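Counting from 1, the numbers follow the sequence of the chain as shown. Reckoned from all heavy atoms, side chains included, excluding hydrogens, waters and symmetry mates. In this text the structure is predicted, and so the values were computed from the model without any measurement.
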Amino acid sequence: MFNDFRELSEKCAECRMCELCETRHNVVVGVGNENAEVMFIGEGPGENEDLQGEPFVGRGGKLLDKMLLAVDLDRNKNIYIANIVKCRPPKNRDPKPEEQEQCIKWLRNQVKLINPKIIVCLGRIAAQKLIKPDLKITREHGMFFKKGNFLMMPMFHPAAILRNPNQKPEAFDDFLKLRDKINEICPGVYENI
Ligand code: URA
């Protein structure tokens, strides 16, 4: 456990706790405001993220940024974005349970330091790992789950929305629910934006 966010990020960037370190170009530690009250957590870096060292910078990331902007959220201002695994799984396969288990230690440390009020899980892998193993994203997206000090919400993964554009209205609805919840429990998120 690191108590300093910069030290955490530096050590994470050197991690060799699982085999994904052999094939990565960059460790994708995360991006955003270290004091954010809202965190978004995806599955793991894809090709673009691996090359650039930042989460959600490909086509899915552009869609995510648009939906965030629609509810006045901005990765460089009032949220923090990270992933369950910080290194790209080869050919974008699902991260293995043992890779998730090793890497989630970094995420837990990030969550401890950031101490958000709301955690949004983007897609099945993040939602099942962080909320409950049998979560059904098609049925339970947009719902809030209280876990310890956090309110957690599963959402569709942006890549899934790109594959299934008919999910867009439902996905957008979830962002509106998120905005309402932010206004209710952490209105400071929208100050100075
Ligand atoms: N998909 C994810 O889950 N995370 C990223 O950072 C990029 C794509």
(message) Donor-acceptor pair, distance only, cut-off 3.5 Å: does the side chain of Glu43 make one with the backbone of Ala126?
(response) no
(message) Looking at Phe2, is its backbone amide N or carbonyl O close enough to the side chain of Asn109 to form a donor-acceptor pair, meaning the two atoms are under 3.5 Å apart?
(response) yes
(request) Using modelled atom types only, decide if a donor and an acceptor are shared between the side chain of Arg75 and the backbone of Phe56 within a distance under 3.5 Å. (result) yes
(request) If the plane angle is over 60° it's perpendicular, under 30° parallel, otherwise tilted; pick one for Phe175 and Phe40. (result) parallel
(request) Check the pair His141, Glu170 against side-chain hydrogen bond (donor to acceptor under 3.5 Å, both in side chains), reporting the backbone distance first and the verdict last. (result) CA-CA 9 Å; His141 70 91; Glu170 278 178 274; 3.0 Å; yes
(message) Is there a path of hydrophobic side-chain contacts, each under 4.5 Å between heavy atoms of I/L/V/M/F/W/Y residues, joining Ile125 to Val111?
(response) no
(message) Is there a continuous path of hydrophobic side-chain contacts, each under 4.5 Å between heavy atoms, that joins Leu69 to Val31?
(response) no
(request) Of all the heavy-atom pairs spanning Pro90 and Leu20, show the shortest one and how long it is. (result) CD-CD2, 3.7 Å
(message) Treating Asn33 as the side-chain partner and Asn35 as the backbone partner, does any N or O pair qualify as donor plus acceptor under 3.5 Å?
(response) yes
(message) So for atom CZ, which belongs to Arg93, do other residues, nucleotides or ligands contribute more than 12 heavy atoms lying within a distance under 6.0 Å?
(response) yes
(request) Examine Met17 and Leu107 and state if one hydrophobic cluster contains both, with Ile, Leu, Val, Met, Phe, Trp and Tyr joined whenever side-chain heavy atoms are less than 4.5 Å apart. (result) yes
(request) Evaluate side-chain contact (heavy atoms from CB on, under 4.5 Å) for Leu73 paired with Leu178, printing each intermediate quantity in order. (result) CA-CA 10 Å; Leu73 297 175; Leu178 174 64; 4.0 Å; yes
(message) Using a 6.0 Å cut-off, check whether atom NZ of Lys146 has over 12 heavy atoms from anything other than its own residue.
(response) yes
(message) Any side-chain to backbone donor/acceptor pair from Glu14 onto Lys11? Under 3.5 Å, distance only.
(response) no
(message) Under 4.0 Å between a side-chain nitrogen and a carboxylate oxygen: does that hold for Lys96 and Glu101?
(response) no
(request) Start with the C-alpha gap between Leu122 and Leu64, add the side-chain angles, then the distance that decides, and say whether side-chain contact (heavy atoms from CB on, under 4.5 Å) holds. (result) CA-CA 10 Å; Leu122 294 169; Leu64 177 62; 4.0 Å; yes
(request) Please answer whether the main-chain N or O of Gln167 pairs with a side-chain N or O of Asn164 as donor and acceptor at a distance below 3.5 Å. (result) no
(message) Rounded at 0.5 Å granularity, tell me how far CD1 in Ile41 sits from CG in Leu130.
(response) 5.5 Å
(request) Find out whether Arg179 and Leu176 are in side-chain contact, i.e. whether some heavy atom of one side chain is under 4.5 Å from a heavy atom of the other. (result) yes
(request) Indicate the atoms forming the closest heavy-atom contact of Ala36 with Ile114, along with that distance. (result) O-CG2, 3.3 Å
(message) Working to the nearest 0.5 angstrom, can you tell me the gap between Asp180 CG and Ile185 CD1?
(response) 12.0 Å
(request) Starting at CE of Met39, measure out to SG of Cys121 and round the result to the nearest 0.5 Å. (result) 10.0 Å
(message) Measuring only between side-chain heavy atoms, which start at C-beta, is Arg88 closer than 4.5 Å to Asn92?
(response) yes
(request) Using the side chain to side chain contact (heavy atoms under 4.5 Å, CB included) rule, pick out the option among Ile81, Asn78, Val189, Ile119 that qualifies with Val38. (result) Val189
(message) Donor-acceptor check, side chain of Asp74 to backbone of Asn76, threshold 3.5 angstrom: yes or no?
(response) yes
(message) Please give me the minimum heavy-atom distance between Gln100 and Pro95, naming the atom from each residue.
(response) NE2-O, 3.1 Å
(message) For a quick test of reading the model, state the closest non-hydrogen atom pair linking Pro154 to Ile137 and the distance between them.
(response) CB-CD1, 3.8 Å
(message) Looking at Val29, is its backbone amide N or carbonyl O close enough to the side chain of Gln110 to form a donor-acceptor pair, meaning the two atoms are under 3.5 Å apart?
(response) yes
(request) Indicate yes or no for a side-chain donor-acceptor contact from Lys168 to the backbone of Ile161 under 3.5 Å, with no hydrogens or angles considered. (result) no
(request) State plainly whether one hydrophobic cluster holds both Leu8 and Val28, where clusters connect Ile, Leu, Val, Met, Phe, Trp and Tyr through side-chain heavy atoms under 4.5 angstrom apart. (result) no
(request) Could you check if a side-chain atom of Val71 sits within less than 4.5 angstrom of a side-chain atom of Ile182, using non-hydrogen atoms only? (result) no
(request) Compare every heavy atom of Lys86 with every heavy atom of Pro45, then report the nearest pair and how far apart it is. (result) CG-O, 3.5 Å
(message) Quick one: does any side-chain atom of Lys117 pair with a main-chain N or O of Phe150 as donor and acceptor, under 3.5 Å?
(response) no
(message) Is the shortest side-chain heavy-atom distance between Arg16 and Glu22 below 4.5 Å?
(response) yes
(message) For Phe145, does the six-membered ring have the charged nitrogen or CZ of Lys132 within the cation-pi criterion, i.e. under 6.0 angstrom from the centroid and within 45° of the normal?
(response) no
(message) I need the minimum non-hydrogen distance between Gly32 and Tyr80, along with the two atoms involved.
(response) C-CD1, 3.6 Å
(request) Mind checking the CD1-CG spacing from Ile104 to Asn83? Nearest 0.5 Å is all I need. (result) 11.5 Å
(request) Any chance you could measure Lys112, atom NZ, to Asn3, atom CG, to the nearest 0.5 Å? (result) 10.0 Å
(message) Within this structure, what is the CZ-CG distance for the pair Arg24 and Asp50, rounded to the nearest 0.5 Å?
(response) 9.5 Å
